[in-house]
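Notes for the one structure printed next.
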2 protein chains.
Amino acid sequence: MPRTKGDHEARRRDVSEAVWRVLAAHGFGGLTMRAVAAELGATTGLLTHYFRTKRDLVAHALDLLERRTEARPRRAAGPGVSAVRAALLDILPLTPEATGSNRIWVSSWDTALADPGLSADHARKYARSRDRLRDLIVEAQRLGELRPGDPDRIAAGAQAFVLGLVVQALLDAPAFPPRRQIELLDDHLAALAPTRGGPGEPHDG
Amino acid sequence: MPRTKGDHEARRRDVSEAVWRVLAAHGFGGLTMRAVAAELGATTGLLTHYFRTKRDLVAHALDLLERRTEARPRRAAGPGVSAVRAALLDILPLTPEATGSNRIWVSSWDTALADPGLSADHARKYARSRDRLRDLIVEAQRLGELRPGDPDRIAAGAQAFVLGLVVQALLDAPAFPPRRQIELLDDHLAALAPTRGGPGEPHDG
DNA sequence: CCATTCACACAACAAGCGTTACGGTTATGT
DNA sequence: ACATAACCGTAACGCTTGTTGTGTGAATGG
């Protein structure tokens, strides 16, 4: 019975992608039903057919963006500090696609800060990311590629650094081209390297 | 002739402070003329009397916030790494007032990213802050309290770190109380300390 | 003490918003 | 083939928005 065969969920994906494009271009302040519909080459009738309310529409778009970001192909890397580096590189806006995603997340903070529920969602999201990073750091420490120290703190520090770098790169792209972002990330990692001759050498047992 | 004597500029300050309060509470998405007027205990008639348009109103409020932030009393500190630490501590949301200011700036990124002109304003602002930080870092290096290395890069790294920490602290206040923020900042600075026995010891000339 | 002028409340405006109702078209199941 | 139901364009709704115009009261200058 459907005009386009039963891929109801595929249509919702199309709509969400239009939401992403509008958000990346005009932010939450410019996100209207009509703008999304126009971006999709359709009318608001389509939108309300697939989403009850604007809130649902945005929630689905952000949820899908998060899951897609989480499921995207990751940079391959050996264990140790190399894996930490790869995980952090995966966050930075080094490609147009990553730039778009990051733009959306940064923009979403305005709405999130005004709504405790959304703030909690974001907090959970970043806490999970921090935990994953911590595991990689523990492994790198075990291999003696990172100096010893509370891995939770090192993870929180690295995450803060990368997050701030994302913001800088978005607001001042010319000053933070990919090469510079990578350079700064490597500086940060170098500062976490084991001190030569001090504690933190590889364990051997 | 004025009802309240000629402090035209003082009234504009009052209005701007109401804007700050609305922004800190409801973000840019909740910033309306009526909301500002209500916060002020007045009507929109007052607002339009002092500002031609909403754009002017917001611009003045943010401009004033920036100047006030820049002119506020700074943490006293000796020269060297202590001054770097103090400058970075001055940015973090360690007090309710600093939390409010940071909330506003983070929220403003949504609007800024959608407008190249505003993005450029922000870029200039952060570049200036980075330059000031760089000067402090150069001095700390000269005193042998910071390891050698391109001071511009160290400044950019420290600024990114602090900026990201601000975001984390705002979105997840329970996980980042003042003590934890300071702890993480000190971790970052410790990682920049001169390596014992390596290069970077104090010059004596 | 009167004319003037600033300060601001009040009310109205058009435009744009999210949302709802409806109707025509099209593919499917029987 | 026919009934059915999903798809979605069209149009209207009530509401909120930024902005404008008008009017009133208070303070001032001559």
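All values below were derived from every heavy atom in this structure, side-chain atoms included, with hydrogens, water molecules and symmetry-related copies excluded. In what follows, every chain begins at residue 1, and chains take the letters A, B, ... in the order their sequences are listed.
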In residues 106-113 of chain B, which ones come under 4.0 Å of DNA chain C, going by heavy atoms? none
Rounded interatomic separation in angstrom, taking NE2 from A:H8 and P from D:dA6: 10 Å
Only residue of A:T111, A:L31, A:D63 satisfying side-chain contact (heavy atoms from CB on, under 4.5 Å) with A:V58 is A:L31
Using the side-chain heavy atoms of A:A42, tell me which of these nucleotides is nearest: D:dA6, D:dG9, C:dA7. D:dG9
Taking side chain to side chain donor-acceptor pair (under 3.5 Å) as the test, write out the residues that go with A:R21, two or more places apart. A:E39
Of all residues at least two apart in sequence or in a different chain, which pass the salt bridge (Lys or Arg N to Asp or Glu O under 4.0 Å) check with A:D56? none
Does C:dA9 have OP1 or OP2 under 4.0 Å away from a side-chain N or O of B:H49? no
Tabulated below should be each protein N or O lying under 3.5 Å from an N or O of nucleotides 18-22 of chain D; please produce it.
residue, atom, partner, partner atom, Å
D:dG18, OP1, B:K54, NZ, 2.7
D:dG18, OP2, B:M33, N, 3.0
D:dG18, N7, B:R34, NH2, 2.9
D:dG18, O6, B:R34, NH2, 2.8
D:dT19, OP1, B:T53, OG1, 2.5
D:dT19, OP2, B:T53, OG1, 3.3
D:dT19, OP2, B:K54, N, 2.6

Tell me: CD of B:E9 to P of C:dA7, nearest whole Å? 12 Å
Under 3.5 Å, which donor-acceptor pairs link side chains of residues 152-172 of chain B to any protein atom two or more places apart or in another chain?
residue, atom, partner, partner atom, Å
B:D152, OD1, B:R134, NH1, 3.1
B:R153, NE, A:D187, OD2, 2.9
B:R153, NH2, A:D187, OD1, 2.9
B:R153, NH2, A:D187, OD2, 3.4
B:Q159, OE1, A:Q168, NE2, 2.9
B:Q159, OE1, B:R130, NH1, 3.2
B:Q159, NE2, B:Y126, O, 3.0
B:Q159, NE2, B:S129, OG, 3.4
B:Q168, NE2, A:Q159, OE1, 2.9

Output the rounded distance in Å from CG (A:D14) to P (D:dC7). 13 Å
Please enumerate all residues that pass side chain to side chain donor-acceptor pair (under 3.5 Å) together with A:D186, with sequence neighbours excluded. A:R85
Report yes if at least one side-chain N or O of A:Y50 is closer than 4.0 Å to OP1 or OP2 of D:dA6; otherwise report no. no
Side chain to side chain donor-acceptor pair (under 3.5 Å) involving A:S16 - partner list, sequence neighbours excluded: A:H60
Charged N to carboxylate O below 4.0 Å: is that the case for B:R11 and B:D14? yes
The side chain to side chain donor-acceptor pair (under 3.5 Å) partners of B:R74 (sequence neighbours excluded) come to none
Separation of A:L47 atom CG from D:dT10 atom P, in whole Å? 14 Å
Listed by chain and number, what are the ring-ring contact (aromatic ring centres under 6.0 Å, His included) partners of B:H26, not counting sequence neighbours? none
Side chain to side chain donor-acceptor pair (under 3.5 Å): which pairs involve residues 27-38 of chain A, sequence neighbours left out? none
Starting at atom CG of B:D7, determine the distance to atom C1' of D:dA27, rounded to an integer number of angstrom. 14 Å
Atom-to-atom span, CZ of A:R12 to C1' of D:dA6 - whole angstrom: 15 Å
For atom CG of A:L57 and atom C1' of C:dT19, their distance in whole Å: 13 Å
Quick check on the helix from C:dC1-D:dG30 to C:dT30-D:dA1: what's the angle between its two end axes, five base pairs per end, to the nearest 10°? 0°
Under the rule for side-chain contact (heavy atoms from CB on, under 4.5 Å), what residues qualify as partners of A:D115, not counting sequence neighbours? A:R55, A:L118
What is the separation between atom CZ on A:F51 and atom P on D:dC7, rounded to the nearest whole Å? 13 Å
